[in-house]
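Below is one structure, written out as structure tokens; comments come after it.
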Amino acid sequence: MAERSFKAEVEHLRKGAGSTFTGEGILAITKALLENGVGYVGGYQGAPISHLMDVLADAEELLGELGVRYEANASEAAAAAMLAASVHYPIRGAVTFKGSVGVNVASDALANLASSGVTGGALVIVGEDYGEGSSIMQERSYAFAMKSQFWLLDPRPNLPSIVKSVGDGFALSEASNTPVMLMVRIRSCHVTGSFECRGNLHPPLTVRDALSNPQRDFNRVVLPPMSYQHEQDKIENRWPAAEKYILDNGLNERFGPKQGKAGLICLGGMYNSVIRALQRLGLADLSGNTEVPLYVMNVAYPLVQSDLLDFCEGKDAVLMVEEGQPEFIEQQLGAMLFKAGSQTKLEGKGIFPKAGEYTGQVMMDGLDDFFRKYAAHLLPGQVRAPNAPAPEIPDLSQTVPIRPPGFCTGCPERPIFASMKLVEQELGKHQISADIGCHLFAALPPFEIGGQTMGYGLGPASNAAFDGGGKKRAISILGDGGFWHNGLSSSIGNMVFNKSDSVAIIVDNYYSAATGGQDIPSSRAKNASKSTNNPITKALEGAGVKWIRQIDRTYDVTRMRATIREALTTDYDGPKVIVASSECMLNRQRREKPQRNKAIKDGARMEIPRFGVDEDVCTGDHACIRLSGCPSLSLKKLDDPLRDDPVAHIDQSCVGCGNCGEVADAAILCPSFYEARVVHNPSGLERWAAGLRSRVILWLQTRRAARRLTFDGTASGRIAQ
Amino acid sequence: MTIELPLAARPAEPGQQSVIKLAVLAVGGQGGGVLTNWIEALARSQGYSAQATSVAGVAQRTGATIYYIEMAPGSVAQPVFSLAPAPGDVDVMIAAEMMEAGRAILRGFVTPDRTTLIASIHRALAVSEKMVPGDGIANADEVRAAAETAARKLVMADMDSAAVRAGSVISASLFGALAGSGALPFPRSAFEKAIRASGKGVEASLRAFAAGFDLAEQGERPEAAPAMEAPAEPQGPGKTLRAWNALAARVSQLPAAVQEMAVPGLRKVADFQDTAYGAEYLDRLQGVLDRDSADLGYELSREAAKYIANAMVYDDVIRVADLKTRSSRFGRIESQMGSQDKLMTLTDYLHPRAEEIAGLLPARLGARVESSPKWMARLDRLFNKGRRIRTDSLRGFLMLYLLGGLRGWRRRSLRHAQEQAHLDQWLDAALGHLPQCYGMAIEVIRCRRLIKGYSDTHARGHSKFDKVMQGARMVATREDGPQWVARLREAALQDETGAALDGALKTIRSFAA
């Protein structure tokens, strides 16, 4: 069950011709796939296209009706490999994953696919995770298009343009026998808007039909000598065909006047930012009508030389608006202009910063510089010489704390890292390699565990150099998502084969949690169309791991710590793998809360746990927070002139996971923590017994209070009656 | 450093000015997405074109998140909207938390020429604020001051409490505040229609919306100044009350500045043990006062009144058991958990060690046991174990109740002897600086703040205290000695391991050697 359900939105995917679709970019892409007769879809989740996978999963019924096969692929490589169906068969296929890590993982399959070439349209929808809010290393997917020579679309970020590019992508792919990558940037995926629908199309040839009539063309196999021919084919046939299609169908767009001494060339995805900067400089209106010649590359690769040279013709200068680095397009364009002997000056990086996102400010500053240099007369006077001095605003950079993402309230991974921190306090620091997933948040305070991440499922593999062991053993982390993605072979298989004397901890939270809670083979949920409940431990045994410890409740910090300690100190010198399993709390709450509320309403007995801190017992040293970091465990300033430091406090959002109490116990922190369970709809007998107990307790309390000084003025507390 | 504001670009044509740019800065999990959907639906329902974007993904896991909406009147043909806010170019900034408001200002999204800032002043503390052993909470007043300068219009109130009181979440009260701020050209009814159309938890959302709307229109009503609650009259048996009254009379003779701390101090000490202990407290305080002077405002005695009380009220097993079995505690938990009309179970997480048991023994025997590793190991085997005590059950309650009843025994215990010795040593050290260095005496008194926590944390507190005292001796004769002690104390409260403290000590050694 994914974090977000699109069941309601999926109904919009049924809309027919003439109706208007309003919603998120991701949904628009899905709708466009159906309108273009796609035969099979798949992919691997990851921001910013996780929702695309979720939409497809929620739309399985509709896909089935249309005869479209949906596959939740095991990895991006598997997804790209699936496009093989379009090599020999005239079937349109689309897969999706995030860039640039997705293209990294998929590159082997993508390279083979590009070499073979395709018959049916093959579309790779890449969510480019670049810029603010990104969770990965900052690179560009562009390089993969260049090296394998498939085409890259980067449409303007509005729904009609994105929807159109899906159709363009399929058609371009078929016209040039080349796979096409459609890039949507992080914000475009979630941008909202409207577009006019067309009816959904059944694929002319379904994958089921194709199976009945197998095809093969030896010329498409990537083996010498065909692979040499493929390279020639790319250059001699496919590229020109692509250029022709792009020109004939006007995939790239021009705006503004034909004449003009200074022009802009931007990628489709940058168009709105460019227009906004022009608007702010007084050079465009709200509808995008501009006084500046503008060439918009909705096709980022290949560049159509004739068209570009034509745009640059007669201009003093053009500015290439290309975010990120290296500046692949600027380099190609520079070579084109130089070889053509053009006098047009090419600007780009230099005016723009070499690295980093082109934010609104960067864009405006860049365009401003460019126009001041080459067309100052265009700029309104107010822009050229603003007369209002910028007001001074107090600096808050030392005040505002950073707020990176972290573990959610009740996260079952927190006690794993608290345990590791406690073990470190006993046995000293260890070499720890992290992996991709929520568990990577352990690298941040308060845990500060794990020094590197080399890729999804590669945690243990990245400790391979230390496999020989030593005075201390290396520890690596692997998530359940990473385990099934790549970890079983690349990390676990590697450990077994090399007789690794190190420790791997597999964080099993029942989902691919960081990407939005999608099911994976070891998920505990029942999934109608997928095989779940395949235990990780069985896979480990099958791979040859002998030392396996399964922990079914990660919140048991004492046991967790003992198990990690054992793994680090045992005489056994082969690979030691701990599987730490507890359900992702975000998903668990989403699943259980409505059921629980309904049960209480229906009169069923229900205990709801929550933790608390006795504020008069807490001394305000915050050791508990340094071993937890739970959002619901916060601080409170007491109204007591004798107390200097705020005390720990647990707020309403506590889900009663028990981590703070367990940590306080295991680390022998303090006796401040308590668990209160509110009992809804108790039985009559229970009420009676509780009443009796509380009367005795109250009698004892009153008795003691009567013999001493009391200051709180109350003697009438009760607990359960 | 000041924030450099962007070029004051105000284009001439009206098209650009009719766009409304609205950003929401929230902490992941606050419902920023819901708020965004409402705003977008509202704009569309009023004939505007609207576009919203957000960055989902891991940033939502408790991190700072940003949502962005642009809208323009329907008369504008196919507007081109931006997908991200730009500094100096935001009309309405909604910050769902105080420091997020600060972040919005810091990033230049709030400017005096255009921005309406709607901010909730409640705090969701960042991990970096919480994990500090001392008080690491960021200064909200600085953010407020900056907001007053930076915003064209400012709406600031505790939107979180307003929403919680209405049984809803902050997105609804912020939406109400947006309506109440008048920043959008839409009537209130249109806002409410957007909530109704969303169809989830409508009634609660509408209540929170109304609360937010009122807060924006009328501002936060100053809470009926909590009538300086006269502390409840102590109660107890006649003899004890008479003894208390005598103590109270003594306190009332103290200088006013000292009384402010001595009154709660005396209560704390008498509550911890008895009136005789209270008398000891006042004796100790008198000892300081005798050497203090009115010219200096009795600052030393005031600080001593605070920290002597804290030192005398140490956290032993008896105190914890006593506090955990009081009826007032049960009442407090019930009201916090909202379980008044339901049943509630209560489990306390306790983990005694040999040290705590030895501390309960008679001083001399306890000391012998504590110095014998064999005995300590034996005690550990017997007692050192995590215990979950069901304090709502008779068995669990009685156990703690009996422990809490050992107050009469306390003064004979090893722990008491240790605490008294330490207290005397500390007080002597502080007063040793008199009369030459009044400032040093005060700072040394204040160092008592470092001793807190239980078990290992307590031990670490002690070791930091010792280090600071050592540093204090090194700078005892310097004119800036007191400042250095204060600096050492602050450093000791900065991190767990004492790295900052060691650094500060190193600096001192470099010039004091």
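So that the names make sense, note that chain A is the first sequence line, chain B the second, and so on, each numbered from 1. Owing to the predicted nature of the structure, the values given are computational and were not obtained by experimental measurement.
Proximity to chain A (any heavy atom under 4.5 Å) is shown, for B:Asp495, by neither the backbone nor the side chain. Using a 4.5 Å cut-off between heavy atoms, B:Leu323 touches chain A through its side chain atoms alone. With a 4.5 Å cut-off on non-hydrogen atoms, B:Thr325 touches chain A through its backbone and its side chain both. No part of B:Ile389 comes within reach of chain A, as not one of its non-hydrogen atoms sits under 4.5 angstrom from that chain. At a 4.5 Å heavy-atom cutoff, the contact between A:Glu662 and chain B is made by backbone and side-chain atoms alike. Using a 4.5 Å cut-off between heavy atoms, A:Ile275 contacts chain B through its side chain alone, with no backbone atom that close. Residue B:Asn384 touches chain A through its side chain alone, counting heavy-atom pairs closer than 4.5 Å. Looking at B:Arg103, the atoms closer than 4.5 Å to chain A (heavy atoms on both sides) sit in the backbone and in the side chain alike. Only the side chain of B:Asp315 comes within less than 4.5 Å of a heavy atom of chain A; its backbone N, CA, C and O stay farther away. Using a 4.5 Å cut-off between heavy atoms, B:Thr149 touches chain A through its side chain atoms alone. Both the backbone and the side chain of A:Thr399 come within less than 4.5 Å of a heavy atom of chain B. Residue contact with chain A, scored on non-hydrogen atoms closer than 4.5 Å, involves the side chain of B:Thr275 exclusively. Using a 4.5 Å cut-off between heavy atoms, A:Ser634 contacts chain B through both its backbone and its side chain. Heavy-atom distances place the side chain of B:Ile137, and not its backbone, under 4.5 Å from chain A. Of the atoms belonging to A:Cys624, not a single heavy atom falls under 4.5 Å from chain B. For A:Leu633, the part sitting under 4.5 Å from any heavy atom of chain B is the backbone (N, CA, C, O) and nothing else. Looking at A:Pro446, the atoms closer than 4.5 Å to chain B (heavy atoms on both sides) sit in the backbone and in the side chain alike. Within the 4.5 angstrom heavy-atom criterion, atoms from both the backbone and the side chain of B:Tyr401 approach chain A. Of the two parts of A:Asp614, the backbone and the side chain both hold a non-hydrogen atom closer than 4.5 Å to a non-hydrogen atom of chain B. Of the two parts of A:Glu607, neither the backbone nor the side chain holds a non-hydrogen atom closer than 4.5 Å to a non-hydrogen atom of chain B. For A:Ala676, the parts lying under 4.5 angstrom from a heavy atom of chain B are both the backbone and the side chain. Looking at A:Thr558, neither its backbone nor its side chain comes within 4.5 Å of chain B, counting heavy atoms on both sides. For A:Tyr271, the part lying under 4.5 angstrom from a heavy atom of chain B is the side chain only. For chain A, the nearby part of B:Arg332 is the side chain; its heavy atoms alone come within less than 4.5 Å. If you measure heavy-atom distances from B:Val132 to chain A, the contacts under 4.5 Å come from the backbone alone. With a 4.5 Å cut-off on non-hydrogen atoms, B:Ala243 does not touch chain A at all. Contact of A:Glu686 with chain B is made through backbone and side chain together, with heavy-atom distances under 4.5 Å.
In this structure, the side chains of B:Met261 and A:Pro641 come closer than 4.5 Å at one or more pairs of heavy atoms. B:Glu129 is not listed as a side-chain neighbour of A:Leu635, based on a closest heavy-atom distance of 4.5 Å or more. Looking only at side-chain heavy atoms (C-beta outward), A:Val400 and B:Glu100 stay at 4.5 Å or farther from each other. Residues B:Tyr454 and A:Pro671 meet the side-chain proximity criterion, which asks for heavy atoms closer than 4.5 Å.
In this structure, B:Asn310 contributes its side chain and A:Leu642 its backbone to a donor-acceptor pair below 3.5 Å. With hydrogens and angles disregarded, no donor-acceptor distance shorter than 3.5 Å links the side chain of A:Arg693 to the backbone of B:Ser393. Proximity of a side-chain donor or acceptor of B:Lys452 to a complementary backbone N or O of A:Gly620 within less than 3.5 Å is detected. Put simply, the side chain of B:Gln336 never gets that close to the backbone of A:Gly612: no donor and acceptor are under 3.5 Å apart. The closest donor-acceptor contact from the side chain of A:Arg403 to the backbone of B:Val127 lies at 3.5 Å or more, if one exists at all. With B:Ser455 contributing its side chain and A:Ile668 its backbone, the two residues share a donor-acceptor pair below 3.5 Å. With B:Lys130 contributing its side chain and A:Cys630 its backbone, the two residues share a donor-acceptor pair below 3.5 Å. In terms of modelled atom types and a separation under 3.5 Å, the side chain of A:Ser287 and the main chain of B:Ala77 share a donor-acceptor contact.
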side-chain contact (heavy atoms from CB on, under 4.5 Å) assessment of B:His458 paired with A:Thr619: CA-CA 10 Å; B:His458 189 251; A:Thr619 61; over 6 Å; no
A:Ile697 and B:Leu394: CA distance, side-chain angles, deciding distance, side-chain contact (heavy atoms from CB on, under 4.5 Å) verdict: CA-CA 7 Å; A:Ile697 288 176; B:Leu394 280 183; 4.1 Å; yes
Test salt bridge (Lys or Arg N to Asp or Glu O under 4.0 Å) applied to A:Arg643 and B:Asp135, step by step: CA-CA 11 Å; A:Arg643 305 285 292 259; B:Asp135 184 356; over 6 Å; no
From CA spacing to verdict: side-chain contact (heavy atoms from CB on, under 4.5 Å), A:Glu675, B:Leu346: CA-CA 6 Å; A:Glu675 182 202 47; B:Leu346 190 56; over 6 Å; no
side-chain contact (heavy atoms from CB on, under 4.5 Å) assessment of A:Asp395 paired with B:Leu106: CA-CA 7 Å; A:Asp395 175 29; B:Leu106 186 63; 4.0 Å; yes
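Taking the ring centre of B:Phe81 as origin, the terminal cationic atom of A:Arg276 falls outside the region bounded by 6.0 Å and 45° from the ring axis. Cation-pi geometry between B:Arg388 and A:Tyr674 is not met: the NZ or CZ atom fails to fall both under 6.0 Å from the ring centre and inside 45° of the normal.
Going from atom CD of A:Gln701 over to atom CZ of B:Phe397 covers 4.0 Å, rounded to the nearest 0.5 Å. How far OG of B:Ser328 is from CG of A:Asp616: 7.5 Å, rounded to the nearest 0.5 Å. Between A:Arg677 atom CZ and B:Lys342 atom NZ the span is 16.0 Å, to the nearest 0.5 Å. Summarising the geometry, atom CE belonging to B:Met99 is positioned 14.0 Å from atom CD1 belonging to A:Ile402; distances are rounded to the nearest 0.5 Å. With rounding to the nearest 0.5 angstrom, the CZ atom of A:Phe711 is 10.5 Å from the CD atom of B:Gln235. Put simply, CZ on A:Arg185 and OG1 on B:Thr53 are 14.0 Å apart, with the number rounded to the nearest 0.5 Å.
Checked for salt-bridge contact, A:Arg708 and B:Asp322 meet the test: a charged N lies under 4.0 Å from a carboxylate O. A salt bridge links B:Lys306 with A:Asp644: at least one charged nitrogen is closer than 4.0 Å to a carboxylate oxygen.
Contacts of A:Arg156 classified as salt bridge (Lys or Arg N to Asp or Glu O under 4.0 Å), with partners at least two apart in sequence or in another chain: A:Glu253.
No hydrogens or angles considered: nothing links the side chains of A:Thr192 and B:Gln51 as a donor-acceptor pair under 3.5 Å.
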